[in-house]
Amino acid sequence: MKKALITGISGQDGSYLAELLLEKGYEVHGIIRKVSFEDARHRLMNIAHIQDKIYLHGASLENQLSLYKVVKDVQPDECYHLAAMSFVNYGLEEASILTTNFNGTHYLLEAIREIVPFCHLYFAGSSEMFGYADISPQNELTPFRPRSMYGISKLAGYHLVNIYRKRYGIFICTGILYNHESPRRGFEFVTRKITSTAVKIKIGLEHKLILGNLNARRDWGYAPDYVRAMWMMLQQDMPDDYIVATGKTHSVQDFVKITFKMLNLNYKDYVVTDQKFYRTAEEVPLSGDSQKIRAGLGWKTTKNLTEIIEEMVKEDLKIEGLKCRY
Ligand code: GDP
């Protein structure tokens, strides 16, 4: 039985990946941060349904020894490094994003090099590495021009990973993933903010949806498709880097329109904008050309944006339904 170790197992991607690996017959181990009971309960929501099938280890990206110990105990055949401080805040004062993400990746790489050098490692890159891109869509050869601390932290991790691949021959793939959504998306992201608030409006719990730039565009995909891409990368004979994206962009306004229409509401009656949620102008939209992974590994998407929104709205209705009964 193959053993997989996932950092960030309780997040959106980690939880879908754990499900996929269990289906494929892996022994699945995950790293979670040691937190208070209340916090843990909230954080473990995404994996509550599989908790008795997986092994959880308490460790932190900031604590080298804790990561080292987990790698030593588990001896994974595959490791998926998804954990990171991930919210894209454009404020430059958030330097801790850079140090936490970079150091965590470094500690994990060192542990793997020393303990399980034949382990296949997946590193979660991000479209934010392209940031202020000159051209759209971007592909694996497009120059990186990050515009946030998060983007810089992912780019620094990417370069470090490349050094470990070249210098020590470790099998490492970087997936450059564009935004991917699901009913497990965090509420701080615009997609979940829209679906959850629209549902609250529908049942009278909210009256307005306050957003930033409605013209901002994103390449939104379906999270379960994206974790399948991660797994596919690690099954190859040679490590490589791949863009994972739909190649289609939609505006925040498009997302709003589809969501409100689904709930038989007219978005114009409820949506207002506030400068508070605006970010610096994004001239060239981030949109990924995923030809390499489609042609090379046979990866495909299974849901379009409307179908993704439908699933998210259903989940948000379910949450409100449960709340209403109490
Ligand atoms: P990310 O920035 O790509 O990681 O994902 P988000 O979901 O946070 O934001 C996607 C886009 O939606 C960005 O261009 C934001 O500027 C835009 N946006 C517009 N209104 C909002 C809002 O109220 N909240 C967030 N998070 N983003 C917003």
Side-chain angles (χ1 to χ4, degrees), residues 8 11-13 82-92 94 97-98 101 124-133 136-138 142 144-155 157 175-201 206-223 226 243-260 267-268 270-288 290 305 308-309 311-313 315-316:
Q12 168 185 262
D13 292 4
L82 313 183
M85 289 173 74
S86 74
F87 189 57
V88 180
N89 181 325
Y90 289 89
L92 294 179
E94 293 289 337
I97 295 182
L98 182 57
N101 291 353
S126 163
S127 54
E128 277 298 319
M129 286 157 43
F130 293 121
Y132 295 124
S136 188
Q138 300 81 40
T142 304
F144 297 118
R145 295 181 63 202
R147 61 187 170 196
S148 62
M149 280 296 175
Y150 175 73
I152 295 175
S153 78
K154 286 293 174 180
L155 185 54
I176 304 173
L177 272 52
Y178 283 62
N179 294 43
H180 42 289
E181 316 300 311
S182 80
R184 298 184 196 167
R185 191 57 148 152
F187 291 89
E188 69 276 28
F189 291 91
V190 77
T191 53
R192 195 68 192 281
K193 178 174 170 183
I194 295 169
T195 60
S196 64
T197 312
V199 162
K200 286 199 177 100
I201 289 173
E206 294 267 5
H207 304 287
K208 288 272 172 266
L209 168 58
I210 308 169
L211 293 170
N213 184 4
L214 297 180
N215 297 321
R217 300 187 79 83
R218 282 289 181 277
D219 179 335
W220 282 300
Y222 184 49
Y226 286 43
I243 299 263
V244 184
T246 72
K248 296 188 188 83
T249 66
H250 291 88
S251 67
V252 171
Q253 176 144 340
D254 296 334
F255 197 103
V256 163
K257 277 189 192 167
I258 299 171
T259 307
F260 277 72
Y267 78 96
K268 288 187 181 147
Y270 306 100
V271 175
V272 289
T273 56
D274 188 327
Q275 284 299 327
K276 182 167 82 179
F277 295 110
Y278 269 70
R279 303 196 191 150
T280 45
E282 300 170 359
E283 276 135 38
V284 176
L286 290 180
S287 171
S290 54
L305 188 65
I308 301 168
I309 296 177
E311 208 184 313
M312 294 172 75
V313 166
E315 175 66 16
D316 286 319

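Whatever order the structure lists ligands and atoms in, that order sets their numbers, starting from 1.
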**Asked** Are any of the side-chain nitrogens in D316 or R192 under 4.0 Å away from the carboxylate oxygens of its partner?
**Response** yes
**Asked** Side-chain donor-acceptor pair under 3.5 Å between Y267 and Q253, yes or no?
**Response** yes
**Message:** Do Y178 and Q138 pair up side chain to side chain, a donor and an acceptor below 3.5 Å, judged on atom types alone?
**Reply:** yes
What atoms of ligand 1 come within less than 4.0 Å of a heavy atom belonging to [X]?
X: E188; value: 26 (N)
X: G212; value: 19 (C), 20 (N), 21 (C), 23 (O)
X: F277; value: 23 (O)

Report yes if [X] has an N/O atom closer than 3.5 Å to an N/O atom of ligand 1; otherwise report no.
X: V252; result: no
X: K193; result: yes
X: R218; result: yes
X: N179; result: yes

**Asked** Is a side-chain N or O of N101 found less than 3.5 angstrom from the main chain of K154, in a donor-acceptor match?
**Response** no
**Item:** Donor-acceptor pair, side chain of N179 and main chain of W220, under 3.5 angstrom
**Value:** no
**Message:** Out of the candidates R185, M312, E311, only one should pair with T195 under the side chain to side chain contact (heavy atoms under 4.5 Å, CB included) rule; please name it.
**Reply:** M312
**Message:** Go through it in stages, so that I can follow the logic: the residues are I243 and F130, the test is side chain to side chain contact (heavy atoms under 4.5 Å, CB included), and I'd like the CA-CA distance, side-chain angles, deciding distance and then a yes or no.
**Reply:** CA-CA 11 Å; I243 299 263; F130 293 121; 3.7 Å; yes
**Complete:** To atom 19 (C) of ligand 1, the nearest of I194, L211, I210, N213 on a heavy-atom basis is N213
**Message:** Does the residue R192 have a heavy-atom contact with ligand 1, meaning some pair of atoms that are separated by less than 4.0 Å?
**Reply:** no
